[in-house]
Amino acid sequence: MHYGFGTLDAAVTEATRGAVWRPWLVEHLFSRFAAAPTVVGVSLMGPSQVFLALVIFALAKELWPASLTVLGGSHATLLIDDITRREAYRRHIDLVLQGHSERRFGDLLDALRADPGAGRRNRVQGSVLDAAPPGADFDYLPLFGADQLRLYDTERLTLPLQFTRGCAYARCTFCTYPVVEPVRTPFAAGRARAAIAALVDSHGIRRFSIKDSLFTAPMMRELADRLSGEGPEIAWSATTKANRGVIRHASKLAAAGLATVEIGVETIHRSGQELFDKRADISLLEDVILGFAESGVTVVVNLIFGLPGERLADAERQLSWFLDLQRRAPAGRIDGSLNMLEIV
């Protein structure tokens, strides 16, 4: 459900004074620190997170006025023009980092360690920093320290990785990737395997979720070949598009550790597929989904309900199709991400 900024801003103000969000955040976040941190960073990944992010920023400015507040993430990047233009949107935010800014955030922390006064100067500027050049090469190894992993059980931890930016399809009508990741970068399977091996050797992590927008069938095969031939033995997941050519490789991918594949079906209805410019016959979708499931790979099927012109009968038909697909597959091998249409 979507609201005007005035309504949202009033709700944020109420939350910082009320008996629900304020005490909960103080208990679970702000009281965990013996002293105010130098930086309070929030990564905003979608519209459902906006309210809570703004509440955190408002409370941070009240309780930790000397801390530098920093906003980043894909949703902030998508709306960067509005955030830049309207000062009210960043009232409690000192810096906005757009695009893939992990390294830039790390550089900011290093600068603050060397010169704590840099935080005060940045806060006066209230700036929105430029994004990194699109399409630039990047390190496959995520930026974190061993001390950060101590919070997690490495036997159960699934670590996100990204090997490419942009999307090989890049045609979906309402896709955010043309803004967030406007230039596609190539996939280097050898570098990907080396990064995975380094994480296994250094931290004992053996579960990985590949977060590329579209990890194509050739990319999955290349990575599987590397893992099968050189190791290490891991479990991994990826998001791909239905492609009949991948079916004959499903068993090979499973043997190389592919545990879960997410497929963005979006809708089985032709009108919705035309709206998204993402067409696929139901028979193709079924063959690919069942092919993976029967090879021992769990399939997460993404579906959207409530498209313009969609009737209740259409939604019921799509849900029935999904439930029937679950019945036809080996038990537990088909899961779903069932979403109502969301307008950003």
Side-chain angles (χ1 to χ4, degrees), residues 1-11 44-54 73-83 85-86 89 98 165-182 184 211-216 238-244 261-290 299-328 334-344:
M1 190 174 293
H2 301 271
Y3 301 92
F5 181 74
T7 301
L8 179 63
D9 193 45
L44 189 57
M45 306 304 292
S48 62
Q49 300 174 347
V50 170
F51 168 74
L52 187 55
L54 293 179
S74 59
H75 193 67
T77 301
L78 182 64
L79 300 178
I80 197 65
D81 290 342
D82 295 310
I83 292 171
R85 187 168 55 250
R86 295 192 60 177
Y89 285 3
Q98 56 180 309
R165 291 176 180 164
C167 178
Y169 187 66
R171 282 171 42 194
C172 296
T173 308
F174 305 106
C175 183
T176 61
Y177 274 91
V179 175
V180 178
E181 295 180 354
R184 186 184 173 200
K211 295 300 185 182
D212 299 48
S213 169
L214 175 58
F215 208 59
T216 64
T239 299
T240 195
K241 187 173 179 290
N243 182 312
R244 200 176 296 278
V261 64
E262 186 172 341
I263 297 178
V265 173
E266 321 311 356
T267 178
I268 64 172
H269 302 303
R270 179 61 62 181
S271 59
Q273 292 181 359
E274 291 175 352
L275 176 67
F276 289 134
D277 196 10
K278 191 175 182 181
R279 299 165 181 82
D281 292 333
I282 290 181
S283 61
L284 165 65
L285 297 171
E286 292 177 352
D287 288 347
V288 173
I289 293 168
L290 291 173
V299 185
V300 177
V301 180
N302 286 335
L303 291 170
I304 300 175
F305 296 82
L307 302 182
E310 185 177 284
R311 300 165 300 173
L312 177 60
D314 298 321
E316 291 176 338
R317 179 186 164 214
Q318 180 163 272
L319 180 59
S320 296
W321 172 81
F322 170 74
L323 295 174
D324 180 64
L325 207 58
Q326 282 188 314
R327 287 189 288 267
R328 293 164 59 189
I334 294 182
D335 200 353
S337 176
L338 310 182
N339 309 281
M340 293 299 295
L341 178 67
E342 187 174 76
I343 302 172
V344 177

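Model, not experiment: these values are computed from the prediction. In what follows, every heavy atom counts, from backbone to side chain, and hydrogens, waters and symmetry copies are set aside.
Heavy-atom minimum distance, Met45 versus Gly73: SD-CA, 3.9 Å. Heavy-atom minimum distance, Ala53 versus Leu44: CB-CD1, 4.0 Å. Between Asp335 and Phe322, the shortest heavy-atom contact is O-CE1, 3.6 Å. Heavy-atom minimum distance, Ala280 versus Arg270: N-NH1, 4.5 Å. Taking both residues in full, the closest heavy atoms of Ile263 and Ala242 are given as CG2-N, 4.1 Å, listed atom of the first, atom of the second, then distance.
Legend: residues meeting side chain to side chain contact (heavy atoms under 4.5 Å, CB included) with Arg171, ordered by chain and number and at least two apart, are Tyr169, Asp277, Arg279. The side chain to side chain contact (heavy atoms under 4.5 Å, CB included) test applied to Tyr177 returns Cys175, Glu181, Ser213, not counting sequence neighbours. For Asp82, the salt bridge (Lys or Arg N to Asp or Glu O under 4.0 Å) partners two or more places apart in sequence, or in a different chain, are Arg85. For Ser320, the side chain to side chain contact (heavy atoms under 4.5 Å, CB included) test picks out no residue, with sequence neighbours left out. For Asn339, the side chain to side chain contact (heavy atoms under 4.5 Å, CB included) criterion is met by Ser337, not counting sequence neighbours.
Within the 4.5 Å cutoff, the side chain of Leu214 has no heavy atoms near those of the Thr239 side chain. At a threshold of 4.5 Å between non-hydrogen side-chain atoms, the residues His75 and Val50 count as touching. In this structure the side chain of Val265 reaches within 4.5 angstrom of the side chain of Ile289, judged on heavy atoms. Within the 4.5 Å cutoff, the side chain of Ile304 has no heavy atoms near those of the Thr267 side chain. Put simply, the side chain of Leu325 does not reach to within 4.5 Å of the side chain of Val299, judged on heavy atoms. Lys241 is not listed as a side-chain neighbour of Thr216, based on a closest heavy-atom distance of 4.5 Å or more.
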Please test Gln318 against Leu303 for side chain to side chain contact (heavy atoms under 4.5 Å, CB included), starting from the C-alpha separation and ending with a verdict.
-> CA-CA 8 Å; Gln318 180 163 272; Leu303 291 170; 3.9 Å; yes

Are Tyr89 and Asp9 close enough, and set up right, to give a side chain to side chain contact (heavy atoms under 4.5 Å, CB included), and what steps lead you there?
-> CA-CA 9 Å; Tyr89 285 3; Asp9 193 45; over 6 Å; no

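Rounding to the nearest 0.5 Å gives a distance of 13.0 Å between CZ of Arg328 and CG of Leu323. Taking CG of Leu79 as the reference point, atom CD of Gln98 lies at 11.5 Å (rounded to 0.5 Å). Separating the CD1 atom in Ile268 from the CG atom in Asp281 is a distance of 12.0 Å, to the nearest 0.5 Å.
Without hydrogens or angle criteria, Glu310 side chain to Phe305 main chain gives no donor-acceptor distance under 3.5 Å.
Listed by first and then second residue, the salt bridge (Lys or Arg N to Asp or Glu O under 4.0 Å) pairs involving residues 312-323 are Arg311-Asp314 (not counting sequence neighbours).
When only modelled atom types and interatomic distance are considered, Glu262 and Asn302 share a side-chain donor-acceptor pair under 3.5 Å.
Between Phe174 and Phe276, the ring planes are perpendicular. Angles over 60° get that label, and only those under 30° would be called parallel.
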